[in-house]
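Let me begin by presenting the structure, written as structure tokens, before commenting on it.
Computed over heavy atoms, backbone and side chain alike; hydrogens, waters and symmetry mates excluded. Just so it is clear: chains get the letters A, B, ... in the order the sequence lines come, proteins before strands, and each one is counted from 1.
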There are 2 protein chains.
Amino acid sequence: MKALLSEDEQLQIIAECTDGQKLIEETIRLKPNLILCDLSMPKMNGLDAIREIKKKLGDVKVIILTIHKEKQIFEKALQLGVNGYVLKEDIYDQLKFTIHTVLNGGKSYSAKITEAFAIGQGQERSELTFELLTRREREILRLAALGRTNREIGEELGISVRTVETHRANLMQKLDLKNVQELIAFAIKHGVVSIDEMEA
Amino acid sequence: MKALLSEDEQLQIIAECTDGQKLIEETIRLKPNLILCDLSMPKMNGLDAIREIKKKLGDVKVIILTIHKEKQIFEKALQLGVNGYVLKEDIYDQLKFTIHTVLNGGKSYSAKITEAFAIGQGQERSELTFELLTRREREILRLAALGRTNREIGEELGISVRTVETHRANLMQKLDLKNVQELIAFAIKHGVVSIDEMEA
DNA sequence: TATAAACTCAGTATTACTACTTAGATTCTC
DNA sequence: GAGAATCTAAGTAGTAATACTGAGTTTATA
């Protein structure tokens, strides 16, 4: 997202904050024109941070980017005087446009692709490492990423736990993954699982 | 995403497929107007699946939604006659619009929010459960989601492994999480970690 | 300043995963 | 049909996480 926004010459990203406390500190220090922030952050809730900021620096603009469309939260945000409120689901509008274009017989290719053509960039490394996996290994990668234990995977596929362990060890080695977290990160980045189908 | 697309009356989602093989089978069975698919899928690669489909049912329209802007992949997709190619980064265009509106002194609130107002829906459960966590617990949630072992977390924070275990157990119980996968899913959904900062 | 909340640490036992190796059965391919 | 790749399974050993419990110390706040 940072890379994407940086492409816009009218924008300059001067800081990134990992929690609400840092957000307040950095805002006071750097006095930005605009803050783009989520509501759920470590240490301090986004709305609380914004309240602090608006108290100390009333003229800074704030856009909320969140998944929350709960009335209470939005009203609270409005009371605090936020300038923009973007739902994460809004960002799919581009996709909708493409769908309708295609359904009407047209074609639509991402402009960024053609731009990339001119520059001649692009690497396939990660796609290739994924190709190294066998069918069984991908199946197990998926189930493991979804939170199944080896025992459950074995039951689900009708094979021994030991076999699952073998497959899992092989795919971990092929992809150079060190733990479950990396396995999940890989699975998400390659579309083997989506965040939505993951529990919790 | 399914929920989002379903809102459009002109669209009707008649199937969802978890892998390339099922995609082929279902396409032949249901003969949809349009297929929206990723490139990375279990069992069979997206492009291979599309090749099969285009061979058997030439008139079905296909939109690729992917993170890949590699020249080779896009060219391969073009050769197969896909009708649309959407980069996942394209979908941030809506966000860009809001940013510029706000920077120019305007305000911009998601239309979906005001719609939701009329219906009066919305729940805060997950936001509240997150609030249950203490500062220390959120710190440990974050580090655990990023792949650190309890031992590493202890060293990083200068506390005993046993303390980390306690915090971890407490936060798992508070959030009703059963395993690391759910922990990660929760962390991602609440913006405690982003997929990008996760290794692999 | 009392009281609660948060943070700290450990004992004990169990379960899950990882590393490394070996090896037979099946399936695909040249 | 030979050979490779894949799928299957297990032995052994070690590491990591979880499920309980109990308990002392610090910190915030009413």
Side-chain angles (χ1 to χ4, degrees), chain A residues 19 21 42-45 48 128-187 199-200, chain B residues 19-21 42-45 48 52 128-187 199-200:
Chain A
D19 62 52
Q21 210 146 54
K43 287 192 182 167
M44 185 184 271
N45 178 281
D48 293 342
L128 283 177
T129 54
F130 181 70
E131 296 301 325
L132 287 176
L133 299 186
T134 67
R135 220 172 304 169
R136 207 50 152 177
E137 284 163 355
R138 284 179 213 182
E139 241 174 320
I140 283 157
L141 168 66
R142 178 177 162 75
L143 293 171
L146 287 177
R148 308 282 205 288
T149 64
N150 288 341
R151 184 170 306 278
E152 289 169 341
I153 295 172
E155 283 163 9
E156 213 158 321
L157 301 180
I159 56 179
S160 155
V161 200
R162 307 310 308 276
T163 308
V164 178
E165 283 172 5
T166 302
H167 286 309
R168 187 157 172 168
N170 289 337
L171 77 89
M172 296 285 280
Q173 207 215 324
K174 280 185 185 175
L175 302 176
D176 191 29
L177 304 174
K178 282 193 288 294
N179 50 42
V180 199
Q181 287 84 346
E182 292 194 2
L183 182 148
I184 293 175
F186 183 92
E199 295 297 320
Chain B
D19 63 51
Q21 210 145 55
K43 288 194 183 167
M44 186 184 271
N45 179 282
D48 292 342
E52 277 295 311
L128 284 177
T129 55
F130 181 70
E131 297 300 327
L132 287 177
L133 298 187
T134 68
R135 220 171 304 169
R136 207 51 153 177
E137 285 164 353
R138 284 178 211 182
E139 242 174 319
I140 282 156
L141 168 65
R142 178 177 162 75
L143 292 171
L146 288 176
R148 309 283 203 289
T149 63
N150 288 341
R151 185 170 306 279
E152 289 169 341
I153 295 172
E155 283 163 10
E156 214 159 320
L157 300 180
I159 56 178
S160 155
V161 200
R162 308 310 308 276
T163 307
V164 178
E165 283 173 6
T166 303
H167 285 309
R168 188 158 171 167
N170 288 338
L171 78 88
M172 297 284 281
Q173 208 217 322
K174 280 185 184 175
L175 302 176
D176 192 29
L177 304 175
K178 282 192 289 295
N179 50 42
V180 199
Q181 288 84 347
E182 291 195 2
L183 182 148
I184 294 177
F186 184 91
E199 295 296 321

Which listed nucleotide ([options]) is nearest to the side chain of [X]?
{"X": "B:R135", "options": "D:dC7, C:dC7, D:dT8", "result": "C:dC7"}
{"X": "B:T163", "options": "D:dT8, C:dC9, D:dA16", "result": "C:dC9"}
{"X": "A:T134", "options": "C:dC9, D:dC7, D:dT18", "result": "D:dC7"}
{"X": "A:T149", "options": "C:dA16, C:dC9, D:dA9", "result": "C:dA16"}

Discussion item. Using a 4.0 Å heavy-atom cut-off, does A:E137 contact any base of the nucleic acid, only the sugar-phosphate backbone, or nothing at all?
Written reply: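 Touches nothing.
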Can you tell me how far [atom2] of [N] sits from [atom1] of [X], to the nearest Å?
{"X": "B:K174", "N": "C:dA5", "atom1": "NZ", "atom2": "P", "result": "11 Å"}
{"X": "B:N150", "N": "C:dC7", "atom1": "CG", "atom2": "P", "result": "16 Å"}
{"X": "A:L183", "N": "C:dC17", "atom1": "CG", "atom2": "P", "result": "11 Å"}
{"X": "B:M172", "N": "D:dA19", "atom1": "CE", "atom2": "P", "result": "7 Å"}
{"X": "A:I153", "N": "C:dT18", "atom1": "CD1", "atom2": "C1'", "result": "14 Å"}
{"X": "A:I140", "N": "C:dC17", "atom1": "CD1", "atom2": "P", "result": "12 Å"}
{"X": "B:R148", "N": "D:dT15", "atom1": "CZ", "atom2": "P", "result": "22 Å"}
{"X": "A:R168", "N": "D:dT6", "atom1": "CZ", "atom2": "P", "result": "20 Å"}

Worksheet item: Checking only heavy atoms, does the side chain of B:T166 share a donor-acceptor pair with the base of C:dC9 at less than 3.5 Å?
Response: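 Counting by modelled atom types and ignoring angles, a donor-acceptor contact under 3.5 Å is found here.
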Worksheet item: Going by modelled atom types, is there a donor-acceptor pair between the base of C:dT12 and the side chain of B:R162 at under 3.5 Å?
Response: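 Such a pair exists between side chain and base.
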Response to the item:
Of A:E165 and A:N170, the one whose nearest nucleotide on DNA chain D sits closer to the 5' end is A:N170
Practice prompt. Please name the pair of heavy atoms, one in B:R136 and one in B:I159, separated by the smallest distance, quoted to 0.1 Å.
Written response: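 The pair with the smallest heavy-atom distance is NH2-CG2, 3.5 Å.
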Worksheet item: Can you name the closest pair of heavy atoms from A:R138 and A:L133 and give their distance?
Response: NH2-O, 3.1 Å
Rounded to the nearest 0.5 Å, what separation is found between the [atom1] atom of [X] and the [atom2] atom of [Y]?
{"X": "B:L141", "Y": "B:K174", "atom1": "CG", "atom2": "NZ", "result": "11.5 Å"}
{"X": "A:T166", "Y": "A:E137", "atom1": "OG1", "atom2": "CD", "result": "10.5 Å"}
{"X": "A:L183", "Y": "A:L175", "atom1": "CG", "atom2": "CG", "result": "8.0 Å"}

Worksheet item: Under 4.0 Å: is that the gap between some side-chain N or O of B:R136 and OP1 or OP2 of C:dT8?
Response: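 Answer yes for this pair, as a side-chain N or O of B:R136 is under 4.0 Å from OP1 or OP2.
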